Amino acid sequence: MKGVRSLSERGLRCSSAILLPVNTVLLTTRAPIGYVAIAKNKLATNQGFRNLVLRQGNSHEFLYYSICNKTDELKRLASGSTFGELSGTALKKILLSIPPYNEQKNISYFLSTLDDKIELNRCMNQTLEEIAQTLFKSWFVNFDPVRANLDDGNTGLPKHIADLFPNSFDD
């Protein structure tokens, strides 16, 4: 098994850890509490996790979104003086409404589509921010349009924008 940390086959056999199946819903229950993920491959976790392996006829994506929606409640149920921990007993107090499987799939499809759109928008915003920073540096730090005007007058910009830049430097 490969990850940030690896556990050998021998290490797995000699420990109390178990190999969890793909699509196990993983929940951090110790410092920090409430991070949720879906296992994309077989893995083992440490005692800071609750690993939720679903019965047939339940959607791991739906459970993922349901638990994400309960993060504040999970944190409130935690106890501990050095760092918060969510016990199995406390976790059992979380109530989830579980609709029929087809509804679970439809809801999780809708939410994952929204997540994909949010991530796409985040990437676009990051790209636009990088473009804006590059343009700002080019125009107002390196004075590239002014230098282009000095050299050959070809700034590569539309005329109405190029005309905004001087064709010489003043002290």
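Nothing here was measured: the structure is a model prediction, and the numbers come from that model.
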Applying the 4.5 Å side-chain criterion to the ILVMFWY set and letting contacts propagate, would Leu95 and Leu63 be lumped into a single cluster? no
Could you tell me whether Lys159 and Asp163 make a salt bridge, using a distance below 4.0 angstrom between a side-chain N and a carboxylate O? yes
Is the closest side-chain heavy-atom distance between Phe169 and Arg147 below 4.5 Å? yes
Please tell me if the side chains of Leu77 and Lys93 come closer than 4.5 Å, counting only heavy atoms from C-beta onward. yes
If you define the side chain from C-beta out and look only at heavy atoms, does anything of Trp139 sit under 4.5 Å from Ile161? yes
When every non-hydrogen atom of Thr155 is compared with those of Asn149, the smallest separation belongs to CG2-OD1, 3.4 Å
Side chains of Ser112 and Tyr65: closer than 4.5 Å at any heavy-atom pair? yes
Distance-minimising heavy-atom pair for Pro99 and Ile107: CG-CD1, 4.3 Å
Side-chain ion pair, Glu61 and Lys105, N-O less than 4.0 Å: yes
Side chain proximity check, Thr45 to Leu20, heavy atoms < 4.5 angstrom: yes
Return the set of residues passing side-chain contact (heavy atoms from CB on, under 4.5 Å) with Arg55 (not counting sequence neighbours), or none when no residue passes. Asn58
Are Lys70 and Leu96 side-chain neighbours, meaning at least one heavy-atom pair lies under 4.5 Å? yes
Knowing that exactly one of Val25, Leu91, Ile94 qualifies, which makes a side chain to side chain contact (heavy atoms under 4.5 Å, CB included) with Ile67? Val25
Find out whether Ile38 and Leu26 are in side-chain contact, i.e. whether some heavy atom of one side chain is under 4.5 Å from a heavy atom of the other. no
Should we count CZ of Phe165 as having more than 12 external heavy atoms under 6.0 Å? yes
